[in-house]
Undergrad: 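Mind looking over this structure? Questions follow.
Everything numeric here is computed off the predicted structure, so don't read it as measured data. Remember, it's 1-based here, ligands and their atoms both numbered in the order they're listed.
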Amino acid sequence: MSRKSARIETQAVHAGEPQPRIGGAVVMPVFQSSTFEYGGGGGYHDLRYIRLNNTPNHFAVQEKLAALEGGEAALVTGSGMAAISTTLLTLLKPGDRLLAQRCLYGGTYDLLVGELAELGIATDFFDGDDAGAIERLKTPATRAVYVEALSNPLLEVPDLTGIARSAKAHGLVSIIDSTFASPINLRALGLGYDLVIHSCTKYLNGHSDLVAGAVVGGRERVDAITKRLNHLGGCLNPEACALLHRGMKTLALRVRAQNQGASVLAEALAKHPAVKRVHYPGLTTHPGHARARELFQGFGGMLSFELEGGLPAAEAFLGKVTIPLVAPSLGGVETLVIRPAASSHAGMGAEERARLGITDGLVRVSVGIEAPDDLIADFEHALSPG
Ligand SMILES: *Cc1c(COP(=O)(O)O)cnc(C)c1O
């Protein structure tokens with residue numbers, strides 16, 4: 001069987017594994033060596049050294065990442081933010097402009113309006129529903145378009161197809177942060193995006209025990225980003241490469257269980273009298289449902305909901321649930337709950353949060369792989385009065 005044509009479940013297990021196996025080992029060993037014997041080759045980037053992202057564990061995990069996204073090449077990085085910052089600092093120079101979706105991951109938003117702005121790289125923001133904004137807002141200095149597969153925490157679905165098409169028509173590099181979708185639910189290169197970014201900390205690793213990032217796309221662009229990363233220094237250690245590589249083998253199983261768990265939990269919450277509103281793209285009442293059906297293979301493991309009792313009810317709920325942990329981050333096997341107004345979106349200010357529809361009582365859920373019936377019973381108990 002040709003590996004390249006294999007389905008994603010098979011690729012998750014077998015892509016990137018060394019051929020022949022090293023010493024017969026079924027599992028890729030960890031090469032915890034900072035430097036390697038000189039093998040000839042003229043340039044600095046030809047030396048083999050962990051920071052240059054060219055040790056055996058980098059190659060193995062990068063090949064698996066490329067296979068899962070259906071890309072030519074992948075680069076693994078020390079965090080999701082390292083992948084985002086290094087990619088943008090490769091594509092943009094002082095004087096250039098970026099077009100970015102308005103509602104972005106907090107760290108990314110701060111990078112755009114903080115460090116990149118200080119370097120003379122300005123960002124123009126547009127609404128993810130409005131692909132026509134690219135044509136309207138584009139200037140001769142605009143180089144790239146940046147979006148996220150699903151918005152946090154309201155799980156809005158941008159017009160991903162229209163945005164990719166418009167970027168291409170205007171000669172702009174299109175970048176998508178596909179962390180919330182994972183390659184199981186969205187193959188973004190197939191939609192026309194040039195580069196797909198992940199915080200591998202989340203679904204790709206799936207076990208909440210490391211921080212890593214990745215960028216996947218055409219060979220030439222990924223090589224350029226690699227050279228920039230070699231200088232900026234945001235490499236991933238081989239041991240973390242190996243942990244990520246292991247986590248990715250069960251990606252399809254985990255994400256499908258999470259899709260299923262989130263979907264039945266969203267339905268149960270939508271029927272509950274203490275719940276005012278549930279944000280989950282799998283619900284037919286969600287404004288992005290039709291688009292999500294078209295774009296995604298699954299509706300994902302993330303949802304958020306508002307309580308009739310507002311902030312006090314949300315705090316009572318978080319104090320009463322027993323299975324989920326109250327913690328930031330997402331995509332792990334354990335269910336996590338958090339109030340975005342007090343965590344990821346705290347820095348935003350109450351007015352901007354209200355404008356976006358992020359109420360103080362909103363609870364975000366990253367659904368794990370526990371039995372959905374146990375989760376529903378625990379949520380219902382925590383929502384009951386007294
Ligand atoms: C967590 C996250 C990031 C940042 O990733 P780190 O691995 O924490 O650096 C970027 N984008 C999205 C959508 C995220 O959820």
Undergrad: Show the short N or O contacts, below 3.5 Å, that ligand 1 makes with protein N or O atoms; if there are none, say 'none'.
TA:
from, atom 1, to, atom 2, distance (Å)
ligand 1, 5 (O), S199, OG, 3.0
ligand 1, 7 (O), G80, N, 2.9
ligand 1, 7 (O), S199, OG, 2.8
ligand 1, 7 (O), T201, OG1, 2.6
ligand 1, 9 (O), G80, N, 3.0
ligand 1, 9 (O), M81, N, 2.8
ligand 1, 11 (N), D177, OD2, 2.6
ligand 1, 15 (O), K202, NZ, 2.8

Undergrad: Among residues at least two apart in sequence or on other chains, which ones pass side-chain hydrogen bond (donor to acceptor under 3.5 Å, both in side chains) with D130?
TA: R136
Undergrad: List the residues meeting side chain to side chain contact (heavy atoms under 4.5 Å, CB included) with N259, not counting sequence neighbours, and say none if there are none.
TA: N185, V255
Undergrad: Do L204 and L65 pass the side chain to side chain contact (heavy atoms under 4.5 Å, CB included) test, and can you show the C-alpha distance, the side-chain angles, and the key distance before you say yes or no?
TA: CA-CA 9 Å; L204 286 170; L65 283 161; 3.8 Å; yes
Undergrad: Assess the pair F305 and Y280: is the distance between their ring centroids shorter than 6.0 Å?
TA: no
Undergrad: So, F299 versus H286, ring centres under 6.0 angstrom or not?
TA: no
Undergrad: Per the salt bridge (charged side-chain N to carboxylate O under 4.0 Å, His left out) rule, what does the pair list look like for residues 256-281, sequence neighbours excluded?
TA: E9-R256
